[in-house]
Amino acid sequence: GQQVQQSPASLVLQEGENAELQCNFSSTATRLQWFYQHPGGRLVSLFYNPSGTKHTGRLTSTTVTNERRSSLHISSSQTTDSGTYFCAMAQVVGQLTFGRGTRLQVYA
Amino acid sequence: DPKIIQKPKYLVAVTGSEKILICEQYLGHNAMYWYRQSAKKPLEFMFSYSYQKLMDNQTASSRFQPQSSKKNHLDLQITALKPDDSATYFCASSQDRGQNTLYFGAGTRLSVL
């Protein structure tokens, strides 16, 4: 079946440092997405990025489809970035397969 | 102002009982989904609905039954509850089933004792 591997499992940063989160997937993925889960539980879509590079604010997502990997870069991290980041992919329309997430903790 | 409302936020149930998890979305979307997140497994897809019709079902157990009384409602009935059903259940929606971006509710955290 489809698999999504994320690394690292957890990451601790000092405010202002950059973060690089990795996602590898087991098949040629379509509909590659990154999500952020607030510590309280709510999931928010960050990027839909099946290929190439996308930016929003301090976040950059880069997906190299033929190498079956995607990354999420957070520049100048802030304490409010703390939470869990998920990579998800779908081969079947409407069915996302999620990785186990990277738990990020940013300290002041 | 959340546009996908899940009720209740927390739910405690005894083994063998039945519960209904409520989901309403006010985004005007045509596709709705249920996902489950437990301590043991990553977020996993359960069901997808499009225009109130079941499209995909990845849940092995018939104890889980989605119910769609209106286009913007997709409730989840769980019968004969087991402790292993303890998880946070997320409802999600998208404009259409093929749409790329899913919007998630805040979840219902279910604990089965």
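A, B, ... follow the sequence lines: proteins, then strands. Residue 1 opens every chain. All of these numbers come straight from a predicted model, not from anything done at the bench.
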Cluster overlap A:V4 with A:L21, hydrophobic side-chain contacts below 4.5 Å:
yes

Is the backbone N or O of A:L96 less than 3.5 Å from a side-chain atom of B:Y35, with the two atoms forming a donor-acceptor pair by type?
yes

Neighbour count >12 (heavy atoms, 6.0 Å) for atom OH, A:Y107:
no

Taking atom CZ of B:F104 as the centre, report whether more than 12 heavy atoms of other residues, nucleotides or ligands fall under 6.0 Å from it.
yes

Heavy atoms only: give me the nearest B:L102-A:S45 pair and the separation to one decimal.
O-CB, 4.0 Å

Given heavy-atom pairs under 4.5 angstrom as the criterion, report whether the side chain, backbone, both or neither of B:F47 touches chain A.
neither

Considering only heavy atoms, which portion of A:F47 lies under 4.5 Å from any heavy atom of chain B: side chain, backbone, both, or neither?
neither

Bottom line for B:A31: the part with an atom under 4.5 Å from chain A's heavy atoms is neither

With clusters defined by side-chain heavy atoms of hydrophobic residues (ILVMFWY) lying less than 4.5 Å apart, directly or transitively, does B:L110 cluster with B:W34?
yes

Look at the side-chain heavy atoms of Ile, Leu, Val, Met, Phe, Trp and Tyr, link any pair under 4.5 Å apart, and say whether A:V106 and A:Y36 land in one connected group.
yes

How close do A:G99 and B:P42 get, counting heavy atoms only, and between which atoms?
O-CB, 3.6 Å

If hydrophobic clusters are built by linking Ile, Leu, Val, Met, Phe, Trp and Tyr wherever their side-chain heavy atoms come under 4.5 Å apart, do B:L11 and B:M46 end up in the same one?
yes

CD-CD distance between A:Q95 and B:E44, expressed to the nearest 0.5 angstrom
11.5 Å

Following the transitive rule for hydrophobic clusters with a side-chain heavy-atom cut-off under 4.5 Å over Ile, Leu, Val, Met, Phe, Trp and Tyr, establish whether B:F90 and B:Y26 coincide in one cluster.
no

Would you check if A:F35 and B:L43 make a side-chain contact, meaning some heavy-atom pair closer than 4.5 Å?
no

What is the minimum heavy-atom distance between A:R42 and B:A106, and which atoms define it?
NH2-CB, 3.4 Å

